[in-house]
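Encoded as structure tokens, the structure appears first; notes follow it.
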2 protein chains.
Amino acid sequence: MLIQTRRSGSDRSGYAGERGAEAVSGGEKKLNERKKLILKAIVEAYIANGEPVGSKYLTTNKQIACSSATIRNEMAELEEMGYLEQPHTSAGRIPSEAGYRFYVDQLIDRYNLTQSEIDELKTALRQKRSELDAIMQTAAALAAKLTNYTALSVKPRQARITVNRFEIMRLDETTAVLIMLIGGTVKTKYIRSGRPIPPDAAMLLAGALNAKLTGLTADEITMPILMETERIMGEYDFLVSPVVKAVCETISVFDGGELRFEGINKLLSFPDYYDMDRLREMLALFEKKETLLEVLSDETRKDDQVQVFIGRENVVKVMDNSTLVFKTVSQNGRPVGAIGIIGPTRMDYRRVIATIDSLTRSVTDALGSPRDDG
Amino acid sequence: MLIQTRRSGSDRSGYAGERGAEAVSGGEKKLNERKKLILKAIVEAYIANGEPVGSKYLTTNKQIACSSATIRNEMAELEEMGYLEQPHTSAGRIPSEAGYRFYVDQLIDRYNLTQSEIDELKTALRQKRSELDAIMQTAAALAAKLTNYTALSVKPRQARITVNRFEIMRLDETTAVLIMLIGGTVKTKYIRSGRPIPPDAAMLLAGALNAKLTGLTADEITMPILMETERIMGEYDFLVSPVVKAVCETISVFDGGELRFEGINKLLSFPDYYDMDRLREMLALFEKKETLLEVLSDETRKDDQVQVFIGRENVVKVMDNSTLVFKTVSQNGRPVGAIGIIGPTRMDYRRVIATIDSLTRSVTDALGSPRDDG
DNA sequence: GTTAGCACTCAGGAAGCGAAAGTGCTAATC
DNA sequence: GATTAGCACTTTCGCTTCCTGAGTGCTAAC
């Protein structure tokens with residue numbers, strides 16, 4: 001079962017500071033201000049340095065005005081509550097998954113990208129205006145570059161895929177290309193016929209397809225429709241069956257969704273992935289795609305806020321110790337994909353969340369509404 | 001400077017057995033039969049086990065009928081000649097790059113895939129008949145699966161990219177999709193105009209583009225051609241400039257070639273890549289693409305035989321300790337891409353070469369000649 | 001409730017040691 | 001002259017041992 005970040009207000013990013021944390025609903029334990037301060041400091045120090053943080057180190061933090069002994073007591077309690085862990089007795093503490101979760105939900109500060117980063121983002125995206133595939137890939141590349149983690153972009157599995165419009169391009173006597181507009185993307189498919197395809201047959205076919213098959217899913221293309229289309233085609237009815245087959249193939253395959261990665265090598269920057277087995281499993285996951293697509297597609301539509309899945313919250317077993325952060329991208333108010341980051345649980349959440357948030361917002365802007373605008 | 005495998009005959013695969021090895025031309029040193037046997041045994045043992053091989057171990061090889069002391073003497077000479085290396089005094093020997101090269105050029109046995117492997121290959125490819133992009137990707141995935149190394153597929157940088165045919169698909173009042181047939185692939189580009197694009201303008205535009213721009217490279221599209229096209233378009237001349245810009249963008253970008261990888265996680269199966277730095281550099285190389293494309297594209301056309309670049313023979317510095325094996329794929333006798341394997345120098349050359357050879361052959365068959373066949 | 005002090009624990013590095021593997025060389029043998 | 005047996009030598013690798021430093025938990029004092 002996936003646990004989603006809970007939020008109180010309708011704050012734009014959903015990531016407020018400490019305000020309202022006291023009033024949080026439900027099963028979460030209350031933490032006094034000092035505990036929060038300590039937890040926050042531990043998470044941030046651990047994110048920054050990757051080493052367990054000890055009580056002495058925390059005394060250097062100006063905001064925490066008490067001795068190491070006191071901090072030790074608080075830490076012991078935080079550990080008891082499940083927010084901290086100890087790799088071994090004589091090491092400092094590191095955040096548990098629950099600790100990260102609490103941090104992400106309630107302690108994190110709002111972080112803003114610098115103006116130059118935002119500019120980079122906008123100009124990079126402007127160039128590819130509204131080519132959905134290209135724009136998503138560019139966005140993922142940007143996300144990888146800005147965050148230094150591996151980024152992913154996904155076009156979700158769509159329940160109902162239909163072709164908006166057909167076109168036929170004749171190449172020569174017996175060959176033609178079938179062009180299909182599906183949502184914001186164009187798919188093509190070769191058609192080879194044993195018999196000649198005269199120009200008027202191509203025109204007729206395009207017309208027939210547009211008349212009969214637009215707006216239909218693969219399931220809805222039934223025998224009567226086929227026969228009706230063949231009737232329209234008259235003497236060229238032999239073209240209908242192979243072409244419709246090609247159409248069905250396309251809209252079925254397309255259904256699978258597409259998942260791309262950028263910056264895979266960034267994984268290796270983190271000691272968290274120095275374990276070869278973990279790394280291999282991660283890369284295998286990247287190539288299998290189905291599992292990850294499931295996570296992304298199932299959840300994609302729920303929310304237009306940044307989603308954070310920490311460690312074992314992920315259905316995918318492999319992803320212990322890894323966090324997935326993503327947000328959907330919309331066009332005309334409908335989600336058409338998502339962009340995200342995958343990296344170690346010990347991740348710079350502030351930065352990653354801010355980046356993904358801005359990025360998806362910019363992409364959504366850049367995509368605009370390709371049909372409606374003047 | 002790249003060194004290519006030299007071959008003597010016109011043997012189909014270019015990988016003969018020992019025959020004729022004695023008669024090899026030029027600067028290569030002659031090896032007596034026993035040395036060859038020993039070198040071959042060492043290379044194969046090292047490929048199989050990944051550990052330096054010692055003289056004692058080689059006595060278990062039936063073909064080498066002499067004592068360990070004799071073998072030691074021969075090994076010492078082979079080392080002097082540059083075919084073997086010693087990691088440290090008390091270890092066995094491993095092949096040097098020159099050793100691998102000699103092995104690949106002259107000692108390797110012909111290896112054939114099993115019938116079931118060939119069948120898998122054919123059926124997998126048949127399904128995607130002649131969709132160039134899809135077929136190349138499938139082929140790379142197959143190569144990765146069959147060899148257990150990382151595979152790559154590439155559509156080479158083409159010096160002269162031209163559009164064979166244009167088509168315009170009108171979406172609504174102000175939006176259209178420009179469809180370009182380039183070689184065997186179809187590229188699309190959105191066109192948005194501030195002003196309405198009536199249906200007859202779309203038709204007229206397609207006609208004008210086909211008349212004026214087909215067969216031209218980006219460089220060859222000059223001002224006079226633009227003006228002539230605008231003249232043809234009459235009152236719709238405002239469409240010409242943005243559309244031609246889109247065309248140029250496409251054929252320039254396309255020029256870059258495309259490079260895809262399959263089975264990146266396979267890299268991790270080999271202790272050769274347990275060094276994190278090497279691994280990271282390798283992954284970075286995979287993402288940068290340009291460097292690798294250069295190697296592949298430059299050499300791609302030279303030869304229709306399997307090409308093997310061992311270690312430092314590769315221009316790319318990162319690829320010490322790595323070997324690149326690839327072969328071009330042709331359509332209508334013209335190279336349209338290449339499929340290859342990248343992996344540790346200690347690679348199963350027999351198997352990899354055989355696989356790439358069969359695979360590219362099958363792909364070439366599957367691609368057929370899309371314009372000429374009945 | 002907070003702090004100082006102290007005993008305790010544990011990871012990680014350095015040093016030392018012996019076993020195993022494989023070589024190079026010499027002298028004997030075919 | 002080519003081959004082999006034998007032996008001393010070198011080097012890695014795994015193992016144990018020891019030591020240090022960091023950080024804790026607990027107790028007693030403030």
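Note on naming: letters A, B, ... go to the chains in the order of the sequence lines (proteins, then strands), and numbering restarts at 1 for each one. Source: prediction; values computed, not measured.
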- In whole angstroms, how far is the C1' atom of dA2(D) from the NZ atom of Lys35(B)? 12 Å

- d(Ile42(A) CD1, Met75(A) CE) to nearest 0.5 Å is 4.0 Å

- Item | 5' priority, DNA chain D, between Asn73(B) and Lys56(A) [closest heavy atom] | Asn73(B)

- Whole-Å distance, Leu58(B) CG to dT23(C) P, equals 9 Å

- Message: For a 4.5 angstrom cut-off between non-hydrogen side-chain atoms, does Phe326(B) reach Phe309(B)?
- Response: yes

- Per the atom types in the model, does the base of dG6(D) pair as donor or acceptor with the side chain of Arg72(B) at under 3.5 Å? yes

- Query: Choosing from dT3(D), dT4(D), dT24(D), which nucleotide comes nearest the side chain of Ser55(A)?
  - Reply: dT24(D)

- Message: By the 4.0 Å heavy-atom rule, please label Ala69(A) as base, sugar-phosphate, or nothing.
- Response: base

- Message: Could you tell me how far apart Asn32(A) (CG) and dT2(C) (P) are, to the nearest whole angstrom?
- Response: 9 Å

- Query: How long is the line joining CD of Glu51(B) and P of dG22(C), in whole Å?
  - Reply: 9 Å

- Nearest-angstrom distance from the residue atom CD1 of Ile38(A) to C1' of dT24(D): 15 Å

- If we only count heavy atoms from C-beta on, is the Phe286(B) to Leu267(B) side-chain gap below 4.5 Å? yes

What does the list of N/O pairs under 3.5 Å between the protein and nucleotides 10-14 of chain D look like, with a distance for each?
residue : atom : partner  : partner atom : Å
dT11(D) : O2   : Ser90(B) : OG           : 2.9

- Item | Any donor-acceptor N/O pair, Ser322(B) side chain to Gly311(B) backbone, under 3.5 Å | no

- Of dT24(D), dT3(C), dT4(D), the nucleotide closest to the side chain of Met75(A) is dT24(D)

- Taking atom C1' of dT23(C) as reference, at what distance in whole Å does atom OH of Tyr57(B) sit? 19 Å

- Query: More than 12 heavy atoms of other residues, nucleotides or ligands under 6.0 Å from NZ of Lys289(A): is that the case?
  - Reply: yes

- Query: Name the one of Arg72(B), Arg93(B), Lys35(B), Arg34(B) that satisfies salt bridge (Lys or Arg N to Asp or Glu O under 4.0 Å) with Glu77(B)?
  - Reply: Lys35(B)

- Query: Any side-chain heavy atom of Leu107(A) within less than 4.5 Å of one from Val43(A)?
  - Reply: no

- Task: Take the protein atom CZ of Arg93(B) and the nucleotide atom P of dA21(C), then report the distance between them rounded to whole Å.
- Result: 18 Å

- Name the closest nucleotide to the Glu79(A) side chain, picking from dT3(D), dT23(C), dG25(D). dG25(D)

- Between dT24(D), dG24(C), dT4(D), which one does the side chain of Ala76(B) approach most closely? dG24(C)

- Whole angstrom is fine here: how far is it from CD1 in Ile94(A) over to P in dG23(D)? 14 Å

